[in-house]
Amino acid sequence: METRFDAIVIGAGPAGSSAAILLAEAGWRVALVEKQAYPRRKVCGECISATNLPLLEALGIGNAIEPLAGGALRQVALVCGARIVRAPLPPYGDPIHPWGLAIGREHLDTLLLEQARYRGVSIFQPWQVCSIAGTPGNFHCRLRQADGGEERLLPVSLVIDAHGSWEPPVPQDGRPDAPRCSRHRSSDLFAFKANFANAALEAGLLPVFSFPGGYGGMVIGGGASATFAFCIRRDALTRARSRFPGMKPAEAAHGWVRQHCSAAARLFGDAVQLGKWLGAGPIRPGIHLGGRYDGLFRIGNAAGEAHPIIGEGISMALQSAVLLAGTLVGDGLPRADGQAQARLHAEYVQGWRRHFARRIRLAALYAQLAMRPHIVSGGLPALERNPALLTRFARWSGKVRPGPGIARNGRATEYA
Ligand SMILES: Cc1cc2nc3c(=O)[nH]c(=O)nc-3n(C[C@H](O)[C@H](O)[C@H](O)COP(=O)(O)OP(=O)(O)OC[C@H]3O[C@@H](n4cnc5c(N)ncnc54)[C@H](O)[C@@H]3O)c2cc1C
């Protein structure tokens, strides 16, 4: 007979692995299921705000991160057309971790997953959760091995959905599939990322690009390689592809960015691309967490996705995992009955909205502006005169706002 788990976590991104670590630490029997084999690269700008460094330390990977990360991120820049405006990033009030950093997802996600394994979490990888049946306290999750096609049915009390937002959610038996918009919308966003060697970009600077129909960011990560990641609307991508016929979508989109942001040449210099472009999409940022309890606890992008322009998705993944684990563990032993889970869900949703809803809405506003460089360029003279405004915009995006944390006893606390 299969072991009964207190909780199953679907997806081992930063949200899923962090939740699994914290619950295992509290004595829960946890299964963590990830469909992809690690290490794997992922479309992401890979910047982590300083507010998360104490969390990563508490999760047990603080020391392992530093040698794999780029230098401290101390400055932000706005790149629009031929102009670049620079400003200091706001420092976080923790003297040990005043600045954020950048680290490849192939490193971050692997470190967190291995830490979960070390803390006693049962890892299923590469396995996929295919369906969920039953009710809170008595779920059965069907898992399929990615390569062999072997299947297993795991009995679990509680389900944590950390599957991200770029793939379909796991179907729940007896419930209609979550509505998926299959209609193409011109506002759909596509995301691309590539790494570059020999870029002229200086370490510690975080330039944000504004171009017609999109925005992007560039940073020096570990091994001195630059990560360039950007989002582009479907209609702008179509125009880019007709402007650069014969090119693959990512290359045409890159050409579009470089053509509209001529200042980018000063940051790329003689950069040489390392490896292939990665692509994802369509992505549709927004709040996915409903107030109604349907049996699942959602964290990370599965709960809500901020436009990547603010580079806060990893923060929100880690912090929502901490918030959920704090809510569940604070309640004592794993709760099997549906009523108790519904009450905990309501408490979690309330905390989630307090911490993240505003950040998601503000990110949408920044994104809409950045995709309209004719508006941004109108504001550049004011920013050039007063770069502190840029610093303030970064502060508003939540970069130095403490979220839920982990107390000395390993329990999650809300010290916001
Ligand atoms: C262009 C771009 C730039 C970005 N830049 C930044 C940045 O600089 N800083 C930042 O903080 N954030 C950034 N983000 C956002 C960040 O990448 C995400 O918010 C973050 O990855 C969310 O983490 P997560 O754990 O919720 O989900 P994910 O990281 O998406 O992990 C979900 C995991 O679940 C797995 N999975 C899915 N379905 C199943 C299933 N059925 N069974 C098993 N496993 C499953 C997937 O394989 C995946 O590994 C950026 C995003 C984009 C698009």
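Order of listing sets the numbers, starting from 1, for every ligand and every atom in it.
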Among all the protein's non-hydrogen atoms, which is closest to [atom], and how far away is it?
| atom | result |
| --- | --- |
| atom 49 (O) of ligand 1 | Glu34 OE1, 2.8 Å |
| atom 39 (C) of ligand 1 | Lys35 CD, 3.5 Å |
| atom 40 (C) of ligand 1 | Ile10 CG2, 3.7 Å |
| atom 13 (C) of ligand 1 | Cys44 SG, 3.5 Å |

Give the atoms of ligand 1, by number and element, whose distance to some non-hydrogen atom of [X] is under 4.0 Å.
| X | answer |
| --- | --- |
| Ala15 | 25 (O), 26 (O) |
| Tyr38 | 49 (O) |
| Cys47 | 7 (C), 8 (O), 9 (N), 10 (C), 11 (O) |
| Gly13 | 25 (O), 29 (O), 31 (O), 33 (C) |
| Trp166 | 53 (C) |
| Gly300 | 26 (O) |
| Val170 | 41 (N) |
| Ala317 | 23 (O) |

Is a salt bridge present between [X] and [Y], judged by a nitrogen-to-oxygen distance below 4.0 Å?
| X | Y | value |
| --- | --- | --- |
| Glu114 | Arg117 | yes |
| Glu202 | Arg86 | yes |
| Glu46 | Lys193 | yes |

Please compare [options] and report which has the shortest non-hydrogen distance to [atom].
| atom | options | value |
| --- | --- | --- |
| atom 1 (C) of ligand 1 | Ala191, Pro285, Ala306 | Ala191 |
| atom 12 (N) of ligand 1 | Gly313, Ser131, Gly100 | Gly313 |
| atom 52 (C) of ligand 1 | Ala321, Ala12, Gly281, Pro308 | Pro308 |
| atom 27 (O) of ligand 1 | Gly164, Gly214, Ser18 | Gly164 |
| atom 26 (O) of ligand 1 | Asn301, Asp161, Ile132 | Asn301 |
| atom 42 (N) of ligand 1 | Leu189, Thr227, Ile8, Val129 | Val129 |

Pairs involving residues 301-322, ordered by first then second residue, that meet salt bridge (charged side-chain N to carboxylate O under 4.0 Å, His left out) (sequence neighbours left out):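 Listed by first then second residue: Glu312-Arg359, Glu312-Lys399.
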Quiz item: cation-pi between Arg233 and Phe190, 6.0 Å / 45°: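 Judged by the rule, Arg233 and Phe190 form no cation-pi pair.
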Sub-4.0 Å heavy-atom approach of [X] to ligand 1:
| X | answer |
| --- | --- |
| Arg105 | yes |
| Glu305 | no |
| Ala162 | yes |

Contact (N/O only, under 3.5 Å) between Ile314 and ligand 1: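 Indeed, backbone or side chain, Ile314 has an N or O that close.
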Contacts of Tyr38 that satisfy ring pair (Phe, Tyr, Trp, His ring centres under 6.0 Å) - sequence neighbours left out: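 Tyr38 satisfies ring pair (Phe, Tyr, Trp, His ring centres under 6.0 Å) with no other residue.
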Region of Phe124 engaging ligand 1 - heavy atom pairs below 4.0 Å: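 None of Phe124 does.
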